[in-house]
Amino acid sequence: MTTNMDAHTTRSELDLIDPMALRTDPALATASVNFDGVPITFRMVKQDDAPILGDYFVSLSAETIRRYGPHPFDRSTAEQLCATTDPTQTLRMIGTVSNADGERVIAYMILILGVREADVERYQKLGISLTPVSDCTFAPSVADAYQGKGLGSLLLAKLKHLARQLGRTRMVLWEGTQATNNRAIRFYHKNGFRTVGEFQEPPGFNNYDMILDL
Ligand SMILES: CC(C)(COP(=O)(O)OP(=O)(O)OC[C@H]1O[C@@H](n2cnc3c(N)ncnc32)[C@H](O)[C@@H]1OP(=O)(O)O)[C@@H](O)C(=O)NCCC(=O)NCCS
């Protein structure tokens, strides 16, 4: 496994990254991982990734979209996200596989270098003060055919390390996770997140807030 973002480093040994450097040197946030013998590249989206990101968005099942709602999943959203991507604010990471036909996206994970106002307000009621300077916000997805096989955990390990390199000390979930999303709950808990609160959104539907110390 070769990578520019290896895990399991103590904070003092970290190669810190200035988010501004990601604009000119995307390799700082690029990892090559091996998933069951298949090489996967985990990297930030580029401006010209709209076609493959769009392919991924429109391939997602209704069940996955029901669980994952940071934005619409259509080609125009992919185009807009790729055209406006700014890694000093939000990292849009993709896991890709390549073959003779080109590169294909099999995972898409959002990492906001900061916090969302709605999450801050909910955490405040729990007695937890989120801070935009050192907290970050996570929203993951994995292609339907790859879910439940360990890919999300493999990529999250890389993302956790990158978040630490970018000076982040805690990670929270974007608008929590649905209380009925058993796979996601298992995924978060096994990767170190702890449940700190419960809220209804929309009314009658339970969600959990979870936080991870990095
Ligand atoms: C949540 C998600 C990103 C996790 O990625 P992943 O690659 O599936 O995660 P992993 O395979 O690393 O871990 C999932 C764990 O849940 C287990 N699992 C799978 N299906 C499950 C189910 N129906 N109920 C409970 N656990 C389940 C897996 O066995 C695995 O645990 P294990 O390693 O102890 O066996 C991915 O499943 C996904 O994209 N889901 C749809 C969108 C979504 O829910 N996003 C999160 C919104 S908050």
Side-chain angles (χ1 to χ4, degrees), residues 1 3 5 7-8 31 33-45 52-74 77-78 81 90-97 104-112 115-116 118-119 122-123 126 130 135-163 170-202 205-212:
M1 180 160 69
T3 173
M5 39 180 190
H8 309 307
V33 296
N34 191 302
F35 179 64
D36 278 351
V38 178
I40 292 178
T41 302
F42 190 45
R43 63 171 177 81
M44 299 185 298
V45 293
I52 60 169
L53 188 60
D55 286 346
Y56 175 79
F57 284 175
V58 301
S59 79
L60 292 175
S61 69
E63 171 64 10
T64 290
I65 290 172
R66 187 169 75 84
R67 300 300 194 180
Y68 186 57
H71 52 63
F73 293 100
D74 51 38
T77 301
L81 293 177
T90 299
L91 275 69
R92 297 189 184 279
M93 302 294 296
I94 49 175
T96 69
V97 289
R104 183 164 57 93
V105 177
I106 58 169
Y108 166 68
M109 298 188 172
I110 305 171
L111 185 74
I112 302 175
V115 286
R116 300 167 61 254
D119 297 331
R122 275 197 328 278
Y123 274 81
L126 301 169
L130 298 182
D135 290 330
C136 58
T137 305
F138 179 51
S141 73
V142 165
D144 285 81
Y146 289 83
Q147 291 173 14
K149 297 175 179 168
L151 178 60
S153 298
L154 189 65
L155 300 182
L156 175 54
K158 296 294 171 193
L159 200 55
K160 279 159 72 170
H161 184 73
L162 178 60
R170 293 185 301 190
M171 188 181 278
V172 296
L173 302 184
W174 177 323
E175 219 153 276
T177 189
Q178 296 169 2
T180 54
N181 194 350
N182 292 330
R183 182 186 293 131
I185 291 166
R186 168 78 193 129
F187 164 72
Y188 293 125
H189 283 165
K190 82 169 178 172
N191 286 295
F193 283 83
R194 60 183 201 282
T195 303
V196 288
E198 191 170 348
F199 63 99
Q200 294 203 349
E201 182 59 44
F205 289 86
N206 271 4
N207 302 266
Y208 298 127
D209 272 319
M210 296 194 194
I211 194 164
L212 171 74

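Counting starts at 1 for both ligands and their atoms, following the listed order. Not measured: the values here are computed from a predicted model.
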- Task: Flag atom 35 (O) of ligand 1 as yes if some protein heavy-atom distance to it falls below 4.0 Å, otherwise no.
- Result: no
- Mark whether atom 23 (N) of ligand 1 lies under 4.0 angstrom from at least one protein heavy atom.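 It does not: no protein heavy atom is found less than 4.0 Å away from atom 23 (N) of ligand 1.
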- Item | Results of salt bridge (charged side-chain N to carboxylate O under 4.0 Å, His left out) for D209 - residues two or more places apart only |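 With sequence neighbours excluded, D209 shows a salt bridge (charged side-chain N to carboxylate O under 4.0 Å, His left out) to R122, given in chain and number order.
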- Query: What protein heavy atom sits nearest atom 29 (O) of ligand 1, and how far off is it?
  - Reply: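 Answer for atom 29 (O) of ligand 1: G148 O, 4.1 Å.
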- Within the 4.0 Å heavy-atom cut-off, what Y208 brings close to ligand 1 is neither
- Query: So is W174 in contact with ligand 1, going by heavy-atom distances below 4.0 Å?
  - Reply: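 Judged by the 4.0 Å heavy-atom criterion, W174 does not count as contacting ligand 1.
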- Answer with yes or no whether L173 contacts ligand 1, where contact means a heavy atom under 4.0 Å from a ligand atom.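 Contact check L173 vs ligand 1: negative.
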- Query: Are the ring centres of H161 and F42 closer than 6.0 Å?
  - Reply: no
- Item | Selected option - heavy-atom contact closest to atom 40 (N) of ligand 1, from E175, Q147, M109, E63 |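 Among E175, Q147, M109, E63, the closest heavy atom to atom 40 (N) of ligand 1 belongs to Q147.
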- Query: Evaluating non-hydrogen atoms only, which member of A107, P140, A143 is closest to atom 45 (N) of ligand 1?
  - Reply: P140
- Message: When you measure from the side chain of D119 to the backbone of V115, do you find a donor-acceptor pair of N or O atoms at a distance under 3.5 Å?
- Response: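 No, because the side chain of D119 does not come within donor-acceptor range (under 3.5 Å) of the backbone of V115.
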- Item | Sidechain-backbone polar pair: Q178 side chain, N207 backbone, donor-acceptor under 3.5 Å |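 Checking the backbone N and O of N207 against the side chain of Q178, no donor-acceptor pair under 3.5 Å is found.
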- Task: Report the residues that fulfil side chain to side chain contact (heavy atoms under 4.5 Å, CB included) with E63, sequence neighbours left out, ordered by chain and then residue number.
- Result: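 E63: side chain to side chain contact (heavy atoms under 4.5 Å, CB included) contacts with S61, R66, R67.
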- Query: Out of curiosity, F138 CZ to M109 CE, how far, rounded to the nearest 0.5 Å?
  - Reply: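 Here the rounded value is 4.5 Å.
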